[in-house]
Novice: 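Below you'll find the structure I mean.
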Amino acid sequence: MRWTQTLIPTQKETPSDAQIVSHQLMVRGGIIRQLTAGAYDFLPLGLRSLRKASQIIREEMDAIGCAEVLLPALQPFELWQKTGRDVTYGENLMKFKDRHGRMNVLGPTHEEVVTEMVMAYVSSYRQLPLSLYQIQTKFRDEYRPRFGLLRVREFLMKDAYSFHANLESLNAVYDRFYAAYQKIFTRCGIPFVIVEAEAGPIGGSASHEFMAVCSTGEDTIVTSDKNNYAANVEKAEIGARPFTFDAAPTGELEKVHTPGLPGIEDVGKFMKVKPKNMLKTLVFKATGGEVDWVVAVVRGDHEVNESKLKKAAGEKFGVAAIELTDDEAVRQQWAIGFVSPTAALKAVKAGLLIDPDAAQGGFWAGGANEIDYHVKHFNWRRECGDSLNDPKKVAVADIRNAAAGDPSPKNDGGKLVASKGIEIGHVFKLGTKYSDALGADFLDEKGEKHPMIMGCYGIGVGRILIAAVEAFHDDKGMVWPTAIAPYSVIITPIKYDGEVKAAADRLYEQLNAAGIDTLLDDRDQRPGVKFNDADLIGIPVRVNIGDRGLKEGKFELKRRKVVETEMVAMEAIVDRVQAVLRE
RNA sequence: CGGGGCGUAGCUCAGCUUGGUAGAGCGUCUGGUUUGGGACCAGAAGGUCGCAGGUUCGAAUCCUGUCGCCCCGACCA
């Protein structure tokens, strides 16, 4: 492609509303342009990178026997009601009424649609397993779109779904996808880690996320310094931690007036107590179990992990669901903001769940069960007595988010380390959630009916581009990995005129003939402008053509990521470029 | 949804406090001189100042409303 025939609107100025470097460079380099919150134009360069990433994905999906389909983004709302995701997907679901008054959904993901399709054609174990994928635009009404392509309302996603007659088959195919994802991100040149993950609103039993490690990522990754454990913080377990209720009190219980101070931080400052010496006590409304309330206690500097809490509440008290409520009656009843763990023991149908790090001796400050009052010198045994031994009321469990420095769940002396990442891929074992809800059954060898077992597998194509730019850039601009660079080579004639022009045109033809994606900068611009633009848009190899080299029959080859250049004989240039691109 | 910020030329922004015919740099166009890391000279085009009301002789500027965009927060008491 000739520069003057395409649209590459580079800009010198950094856009003021772009916060992260990938967003800034992608706008400056003419890759993307924002149309509205969470929706971006892909300009020619951006689309080329997107296509290259998509093509790598296609090849690896095809290689594991996954067939490509294209399903509608436009979907009937009733389909989502059948699986209950009209509610569980919540406000993120883009929906609208059409002219007939029918509710429609713009698909944020396609479990319902693909299952509906497969069940129409697949009814025998002989037809299984079956894996299908598509690369298609998804819509999510994100609460707050941000950071360029990172969190958007409309985005390109590869989503795949597998259908199985038994768990062994699911596990085998899951492993194939897992391996294919490793190949895909490796081929794209993205540094990534694989972490254990929560399944979230997609549902299902097992799940891994592929994370591009990156300080601007929205997800927190927790890894063991022994390199044998990695998980999303939402999921990360914490190793064994000893606990005790039977330590000597640190002093007399002292009631402190703490008026109008919401939040651990402020109360702590007011009482001159560090958050790690405070008990954070949260009251959850519980349903479906032996208790109506679940009271969670963690150290003031820790965060309750709701999914861990829910799991623990289920195991200890048979609770099916928990929910924080904000209604005034509850606030009054529990003195919300000033709750002491003792409140759970006094309440008739309440279960108390304590994180091991909170179930310790030493100095504690906490709520006083009275609006605007806290206490100092809280002591578990003195304040709670023998009720602590009642398993129907009290349990100690891992109910908080992991934090840096925590013991590794491998219990091998490893310590957990935290870092940030961008989720670029996610694989799930779904089980029968969707086939049950929609009635996607098959007949086995004996003619018996079973729900199909499913897996699903997603890749955010746009996020591959973000991850690449975040990982590879310098003060001059982007440095694309060759595999997803918009063009592999840019020819920069020092002056597009005379012999230089002729040589540039000739080389352009040669590289094209050799099947190399080449951009010819045929603009009538000064060399500095062209060099700077070439650096900004990050093309891996640049060939400079000028009088100086031409006199000796040579071109100058410059790699984007290397400062030095090399002079290459005209007749050897195509081979040399190919060799450099293969590196 | 709560809080904060911002909407002025294609882009980055000034002007607003203290109302008086709309500015700069970059980019674009014309001519000329230049040409190995974002050239120079001369000239030119380009703006309903987000939108709608209001106050005023007069509004980019003051007031009200509204729309859009960005940031922070939104269970962690």
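Values below: all heavy atoms of this structure, side chains included; hydrogens, waters and symmetry mates excluded. Chain letters run A, B, ... following the sequence lines, proteins first and then strands; every chain starts at 1. Just so we're clear, the structure is a prediction, and the values are computed from it rather than from any experiment.
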Novice: Select from T14(A) and H302(A) the residue whose nearest nucleotide in RNA chain B is closer to the 5' end of that strand.
Specialist: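 Checking each residue's closest nucleotide, the 5'-ward one belongs to T14(A).
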Novice: Sticking with atom C1', work out how far G32(B) lies from G10(B), rounded to a whole angstrom.
Specialist: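 Roughly 26 Å separates the two C1' atoms.
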Novice: Look at Q34(A) and C70(B) and indicate whether a side-chain polar atom (N or O) is within less than 4.0 Å of OP1 or OP2.
Specialist: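 For C70(B), OP1 or OP2 has a side-chain N or O of Q34(A) closer than 4.0 Å.
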Novice: Nearest of C13(B), G68(B), C70(B) to any side-chain atom of S16(A)?
Specialist: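 Out of C13(B), G68(B), C70(B), the nucleotide with an atom closest to S16(A)'s side chain is C13(B).
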Novice: For the C1' atoms, the ones on A22(B) and on U35(B), what distance do you get once it is rounded to whole angstrom?
Specialist: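 Roughly 37 Å separates the two C1' atoms.
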Novice: Counting only side-chain nitrogens and oxygens, does K280(A) get under 4.0 Å of the OP1 or OP2 atom of A77(B)?
Specialist: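 Yes, such a contact exists.
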Novice: Which value, in whole Å, describes the distance between the P atoms of nucleotides U33(B) and G47(B)?
Specialist: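 Going atom to atom, P in each nucleotide, I get 32 Å.
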Novice: Kindly point out which of G38(B), C69(B), G37(B) is positioned nearest to the side chain of A37(A)?
Specialist: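 So the side chain of A37(A) is nearest to C69(B).
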Novice: Output the rounded distance in Å from CD (E303(A)) to P (C76(B)).
Specialist: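 It works out to 10 Å between those atoms.
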Novice: Partner of C1(B) by Watson-Crick or G-U wobble geometry, both contacts under 3.5 Å, or none?
Specialist: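 Partner of C1(B): G73(B).
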Novice: Roughly how far apart, to the nearest Å, are G50(B) and U61(B) at atom P?
Specialist: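 After rounding to an integer number of Å, I get 8 Å for this pair.
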Novice: Give one of base, sugar-phosphate or nothing for V298(A), where a contact means two heavy atoms less than 4.0 Å apart.
Specialist: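 Contact class for V298(A): none.
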Novice: Where the side chain of Q525(A) is concerned, which of A39(B), U35(B), U28(B) is the nearest nucleotide?
Specialist: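 Within the option list, the nearest is U28(B).
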Novice: U28(B) and G46(B): how far apart are their C1' atoms, nearest whole angstrom?
Specialist: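 Approximately 9 Å lies between the C1' atom of U28(B) and that of G46(B).
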Novice: Using the salt bridge (Lys or Arg N to Asp or Glu O under 4.0 Å) rule, take D474(A) and R560(A) through it: C-alpha gap first, then chi angles, then the decisive distance, then the call.
Specialist: CA-CA 10 Å; D474(A) 58 24; R560(A) 177 62 180 86; 2.8 Å; yes
Novice: Expressed in whole Å, how much space separates the C1' atoms belonging to A59(B) and C71(B)?
Specialist: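 A59(B) and C71(B) have their C1' atoms separated by 30 Å.
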Novice: From C70(B), C11(B), C75(B), pick the nucleotide closest to the side chain of Q11(A)?
Specialist: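 Selected nucleotide (nearest to the side chain): C11(B).
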Novice: Taking the side chain as everything from C-beta on, heavy atoms only, tell me whether W3(A) gets closer than 4.5 Å to D533(A).
Specialist: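 In contact.
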Novice: Of all the choices, C76(B), C72(B), C70(B), which nucleotide is nearest to the side chain of R144(A) once you look at every atom?
Specialist: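 Nucleotide nearest to R144(A)'s side chain: C72(B).
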Novice: Using purine N1 to pyrimidine N3 plus N6-O4 or O6-N4 for Watson-Crick, or N1-O2 and O6-N3 for G-U wobble, both under 3.5 Å, which nucleotide pairs with U21(B)?
Specialist: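 Pairing partner, where one exists within any strand: none, as none qualifies.
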Novice: Whole Å only: how far is the CG atom of D524(A) from the C1' atom of A39(B)?
Specialist: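 Whole-Å distance recorded here is 13 Å.
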Novice: The side chain of E13(A) lies closest to which of these nucleotides: G25(B), C76(B), A77(B)?
Specialist: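 Among G25(B), C76(B), A77(B), the one nearest the side chain of E13(A) is G25(B).
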Novice: Is the Lys NZ or Arg CZ of R48(A) less than 6.0 Å from the centre of Y487(A)'s six-membered ring, within 45° of the axis?
Specialist: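 Satisfied, under 6.0 Å and within 45°.
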Novice: Side-chain N or O of R146(A) versus OP1/OP2 of C72(B): is the shortest distance under 4.0 Å?
Specialist: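 So the side chain of R146(A) is within the cut-off, an N or O lying under 4.0 Å from OP1 or OP2 of C72(B).
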Novice: Identify the nucleotide, in any strand shown, that forms a Watson-Crick or G-U wobble pair with G31(B), with both distances under 3.5 Å; if there is none, say none.
Specialist: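 Pairing partner: C41(B).
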Novice: Rounding to an integer number of angstrom, what distance separates G54(B) and C72(B) when you compare their C1' atoms?
Specialist: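 After rounding to an integer number of Å, I get 33 Å for this pair.
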Novice: Under 4.0 angstrom, heavy atoms only, what part of the nucleic acid is R542(A) near: base, sugar-phosphate, or nothing?
Specialist: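 It contacts base atoms.
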Novice: I want to verify a distance call: between C26(B), C75(B), C70(B), whose nearest atom is closest to the Q19(A) side chain?
Specialist: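 Out of C26(B), C75(B), C70(B), the nucleotide with an atom closest to Q19(A)'s side chain is C70(B).
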Novice: When the distance from CG of D475(A) to C1' of G37(B) is rounded to whole Å, what number comes out?
Specialist: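 Result: 13 Å.
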Novice: Do Y508(A) side-chain atoms and M1(A) backbone N/O form a donor-acceptor pair below 3.5 Å?
Specialist: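 Pair found, side chain donor or acceptor close to backbone of M1(A).
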Novice: Hunt down the Watson-Crick or G-U wobble partner of U55(B), both distances under 3.5 Å, from any strand shown, or write none.
Specialist: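 Check on U55(B): unpaired, no WC or wobble geometry under 3.5 Å.
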Novice: Step by step, would you call W364(A) with F378(A) a ring-ring contact (aromatic ring centres under 6.0 Å, His included)?
Specialist: CA-CA 5 Å; W364(A) 288 115; F378(A) 176 94; 8.0 Å; no
Novice: Can you tell me how far P of U35(B) sits from CZ of R523(A), to the nearest Å?
Specialist: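 Interatomic distance, CZ of R523(A) to P of U35(B): 19 Å.
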Novice: Side-chain contact, heavy-atom cut-off 4.5 Å: V500(A) with L550(A)?
Specialist: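 Of all side-chain heavy-atom pairs linking L550(A) with V500(A), at least one is under 4.5 Å.
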Novice: K12(A) NZ to G10(B) C1': how many Å, rounded?
Specialist: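 From K12(A) NZ to G10(B) C1': 15 Å.
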Novice: With a 4.0 Å cut-off on heavy atoms, is T36(A) in touch with a base, just the backbone sugar-phosphate, or nothing at all?
Specialist: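 It contacts sugar-phosphate atoms only.
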Novice: What contact category does D17(A) fall into here, base, sugar-phosphate, or nothing, at under 4.0 angstrom with non-hydrogen atoms?
Specialist: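 Sugar-phosphate contact only.
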Novice: At less than 4.0 Å, is any side-chain N or O atom of R526(A) found next to OP1 or OP2 of G38(B)? Yes or no.
Specialist: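 No, no such contact exists.
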Novice: Would you check if the side chain of K376(A) reaches a backbone N or O of A365(A) as a donor-acceptor pair within less than 3.5 Å?
Specialist: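 Such a contact is absent between K376(A) side chain and A365(A) backbone.
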Novice: How many Å lie between CD on E370(A) and P on A77(B), as a whole number?
Specialist: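 Rounded to whole Å, this separation is 20 Å.
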Novice: Is K285(A) touching bases, backbone alone, or none of the nucleic acid, heavy atoms closer than 4.0 Å?
Specialist: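 Touches nothing.
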Novice: Within the modelled atom types, does a donor on one side and an acceptor on the other bring the side chain of R28(A) and the base of G27(B) under 3.5 Å apart?
Specialist: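 There is none.
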Novice: Go ahead and name the base partner of C6(B); Watson-Crick or wobble counts if both distances stay under 3.5 Å, otherwise write none.
Specialist: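 Paired with G68(B).
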Novice: How close or far is atom P of C72(B) from atom CZ of R151(A), stated in whole angstroms?
Specialist: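 Between P of C72(B) and CZ of R151(A): 12 Å.
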Novice: Considering only atom C1', compute the distance from G38(B) to C11(B) and round it to an integer number of Å.
Specialist: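 My reading of the C1' atoms in G38(B) and C11(B) gives 15 Å.
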Novice: Distance to the ring centre below 6.0 angstrom and angle to the axis at most 45 degrees; does that hold for K285(A) and W293(A)?
Specialist: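 The answer is yes; both the distance and angle limits are met.
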Novice: Atom CD1 of I494(A) and atom C1' of G38(B): how far apart are they, to the nearest Å?
Specialist: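 Those two atoms, CD1 and C1', are 14 Å apart.
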Novice: With the side chain of F147(A) defined as its heavy atoms from C-beta on, choose the nearest nucleotide among C71(B), G37(B), G27(B).
Specialist: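 Minimum distance to the F147(A) side chain belongs to C71(B).
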